[in-house]
Protein chains: 2
Amino acid sequence: MAKAMREPTFWILTALVDQARHGYGIIREVTALSDASVTLQAGTLYAALDRLAAEGLVEIDREETVDGRPRRYYRLTDDGATALATETTRLTRNADTAAARLRTRRPGLALGFTTP
Amino acid sequence: MAKAMREPTFWILTALVDQARHGYGIIREVTALSDASVTLQAGTLYAALDRLAAEGLVEIDREETVDGRPRRYYRLTDDGATALATETTRLTRNADTAAARLRTRRPGLALGFTTP
DNA sequence: GCAAATATAAAGATTATCTGAGTATGGGGA
DNA sequence: TCCCCATACTCAGATAATCTTTATATTTGC
């Protein structure tokens, strides 16, 4: 079984599903995707990109300079998409297992969690 | 926002939802709950129980000796149940966000993930 | 009689993330 | 014009949860 992914890693891969993005763009996309509940730290992001590139889950798409600032774009690889899909399945299964258990606790009472 | 929970922590809390269990019982329950895809390591478990007790998410239920072996039972606190419910909501939301994005990738093709 | 299962403990290594600081450019408001 | 903020990336050190390994002790099953 693939080892559990940490949240920043999960969000970075998710941000790259639809298009290649550069580091700072990933940060903004994750903020938007997560409804501002997750704010990637720069240190975390760039370290994670290096690691993910080494693992083959992302790769450099292109580098360009916009307004005098250099950007490095990353894209998701097929392995990255597969890893994200696997992780997503795992998250769903875990959440479903816990939700089912929680429903049996104090039956008839309002639950402390909601479905979005 | 509550900080993301790691997988072993999530499973320990989930295992305690329905009843108080002792350490070794938690290990076996998590193996069963996760369809044998997660096997808690003893070192991880007992360290996590100490930490979770210090955080007030679990508490000692009772201690008893069965067949000459001492067992320490833990139960989930209300805070623990709330934390697990919050985490479950987060997992569901994250998984749904990623799943929606993955569906838009290479439309028409079979997806690399399944719903359980 | 010996291995495997039961039950807990604890030290050291690993690793992703967090924290915080640093470098640099460009745009917008005062 | 000046300064702050947003943009864009880098890096060193601290933190925290987990993993790995080892240890101890009892009981059950073969």
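Residue numbers start from 1 in every chain, and the chains themselves are labelled A, B, ... in the order their sequence lines are given, proteins ahead of strands.
Ranking D:dT7, D:dT27, D:dT10 by closeness to the A:Arg71 side chain, first place goes to D:dT7. The nucleotide whose nearest atom lies closest to any side-chain atom of A:Arg51 is, among D:dC19, D:dT27, C:dA16, C:dA16. Checked against C:dA9, C:dA16, D:dA8, the side chain of A:Glu55 finds its nearest nucleotide in C:dA16. Considering only the side chain of A:Gln41, C:dT19 comes nearest among C:dT17, C:dG27, C:dT19.
A straight line from CG of A:Asp50 to C1' of D:dC11 spans 11 Å, rounded to a whole angstrom. Following rounding to the nearest Å, A:Met5 (CE) and D:dA17 (C1') show an atom-to-atom distance of 18 Å. Residue A:Leu49 contributes atom CG, which lies 11 Å from atom P of C:dT17 at whole-angstrom precision.
A search for salt bridge (Lys or Arg N to Asp or Glu O under 4.0 Å) contacts involving A:Arg51 returns A:Glu55, not counting sequence neighbours. For B:Gln41, there are no side-chain hydrogen bond (donor to acceptor under 3.5 Å, both in side chains) partners, not counting sequence neighbours.
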Take B:Tyr73 and B:Arg75, measure what side-chain hydrogen bond (donor to acceptor under 3.5 Å, both in side chains) needs, and give me the verdict at the end.
-> CA-CA 7 Å; B:Tyr73 283 78; B:Arg75 78 171 89 93; over 6 Å; no
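The residue A:Gly43 sits close to a base: some heavy atom pair falls under 4.0 Å.
Dashed line: the shortest gap from a side-chain N or O of A:Arg72 to OP1 or OP2 of D:dT10 is under 4.0 Å. Between A:Thr9 and C:dA16 there is no side-chain polar atom (N or O) within less than 4.0 angstrom of OP1 or OP2. Here A:Tyr24 reaches the OP1 or OP2 of D:dT7: one of its side-chain N or O atoms lies under 4.0 Å away. Contact annotation: B:Thr44 side-chain N/O to D:dA17 OP1/OP2 distance is not under 4.0 Å. Residue B:Arg28 places at least one side-chain N or O under 4.0 Å from the OP1 or OP2 atom of C:dA7. Phosphate contact (OP1/OP2 of C:dT8, side-chain N/O of B:Tyr46, threshold under 4.0 Å): present.
A donor-acceptor pair under 3.5 Å links the side-chain atoms of A:Thr77 to the main chain of A:Leu57, judged by distance alone.
Not a single donor-acceptor pair, N or O on each side, falls under 3.5 Å between the base of D:dT18 and the side chain of B:Arg6.
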